Amino acid sequence: TIQMALLAFRIKDVVATFYTHVGERLSVQAGINCGPAAGAVVGESRRFYCIYGDVLNTASRFCWGAKPGEVVCSELFTDWLPRHALGLIRLSPLPGVVFEGKKVEAFLLNPGPETNRHPLF
């Protein structure tokens, strides 16, 4: 799980080094969740891989709700983080996140003071 957060930070940093043809800096936002999902190859003549599950829908909604440059995760994801990860990332609660009429606990992920020491960086 910590690798997913670190990967999101790294992707965000790399994308920020690119610019559009009119000079605007590119940015990404990410939504992270964890839990059961299923995947399958779909189609006969034009095959593609498709993944399904409520966990993916929630991550997608976090992504759509994030501002450019933000990484948003679920409370479930934070529960899976090992204790040693707290030096690598900082968690900030996002109050008032509502999906389909129900309140959802969401957190903003930011790099911690030890992130640059990790092998992914």
Side-chain angles (χ1 to χ4, degrees):
T1 54
I2 187 63
Q3 285 86 1
M4 292 303 297
L6 295 174
L7 179 61
F9 298 150
R10 186 72 179 125
I11 290 170
K12 184 175 80 163
D13 290 345
V14 169
V15 169
T17 66
F18 292 91
Y19 294 84
T20 67
H21 67 284
V22 294
E24 295 173 349
R25 181 175 282 185
L26 294 180
S27 66
V28 295
Q29 61 244 31
I32 302 176
N33 196 10
C34 63
V41 176
V42 179
E44 290 182 21
S45 62
R46 189 171 163 215
R47 296 172 170 244
F48 62 95
Y49 192 74
C50 196
I51 50 179
Y52 306 91
D54 186 56
V55 67
L56 300 167
N57 295 336
T58 301
S60 176
R61 289 185 180 107
F62 283 143
C63 186
W64 280 102
K67 296 175 183 155
E70 287 185 340
V71 179
V72 178
C73 73
S74 67
E75 182 178 31
L76 184 59
F77 179 80
T78 64
D79 292 343
W80 279 70
L81 288 172
R83 285 189 175 263
H84 73 272
L86 297 180
L88 297 171
I89 60 172
R90 289 189 334 255
L91 296 168
S92 305
L94 289 174
V97 177
V98 178
F99 293 141
E100 296 181 357
K102 65 179 180 179
K103 186 177 179 194
V104 178
E105 295 295 325
F107 293 84
L108 184 63
L109 291 176
N110 284 299
E114 299 174 23
T115 301
N116 290 335
R117 295 185 202 158
H118 195 275
L120 275 178
F121 284 82

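Nothing here was measured: the structure is a model prediction, and the numbers come from that model.
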Peer 1: Quick one: side chains of residues 75-82, donor-acceptor pairs under 3.5 Å with protein atoms, not counting sequence neighbours, listed by atom name and distance.
Peer 2:
| unit_1 | atom_1 | unit_2 | atom_2 | d |
| --- | --- | --- | --- | --- |
| T78 | OG1 | E75 | O | 2.6 |

Peer 1: What's the separation between atom CG in L6 and atom CG in L88, rounded to the nearest 0.5 Å?
Peer 2: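 Taking CG in L6 and CG in L88, the distance rounds to 5.5 Å.
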
Peer 1: Which residues satisfy the side-chain contact (heavy atoms from CB on, under 4.5 Å) test with E24, sequence neighbours excluded?
Peer 2: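 Per chain and number, E24 pairs via side-chain contact (heavy atoms from CB on, under 4.5 Å) with T20, V22.
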
Peer 1: For P68, what residues pass the side-chain contact (heavy atoms from CB on, under 4.5 Å) criterion, not counting sequence neighbours?
Peer 2: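 side-chain contact (heavy atoms from CB on, under 4.5 Å) check on P68 returns S27, Q29.
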
Peer 1: Report the residues that fulfil side chain to side chain donor-acceptor pair (under 3.5 Å) with Y19, sequence neighbours left out, ordered by chain and then residue number.
Peer 2: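 Checked Y19 against side chain to side chain donor-acceptor pair (under 3.5 Å); matches are R25.
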
Peer 1: Nearest 0.5 Å, what's the SG-CE distance between C34 and M4?
Peer 2: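 Nearest 0.5 Å value for the SG-CE distance: 10.0 Å.
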
Peer 1: Just list the side-chain donor-acceptor pairs under 3.5 Å for residues 45-66, sequence neighbours left out, or say none.
Peer 2:
| unit_1 | atom_1 | unit_2 | atom_2 | d |
| --- | --- | --- | --- | --- |
| T58 | OG1 | D54 | O | 3.1 |
| R61 | NH2 | E100 | OE2 | 2.4 |

Peer 1: Could you pull out the closest heavy-atom pair between V28 and K12, with the gap in Å?
Peer 2: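 It is CG2-CA, 3.8 Å.
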
Peer 1: Rounded to the nearest 0.5 Å, what separates atom CG in L109 from atom CZ in F9?
Peer 2: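 These two atoms lie 5.0 Å from each other.
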
Peer 1: What pairs with T17 under side-chain contact (heavy atoms from CB on, under 4.5 Å), at least two apart in sequence or on another chain?
Peer 2: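 For T17 there are no side-chain contact (heavy atoms from CB on, under 4.5 Å) partners, ignoring immediate neighbours.
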
Peer 1: For the residue pair A5 and I89, what are the closest heavy atoms and their distance?
Peer 2: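 Where A5 meets I89 most closely, the heavy atoms are CB-CG2, 4.2 Å.
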
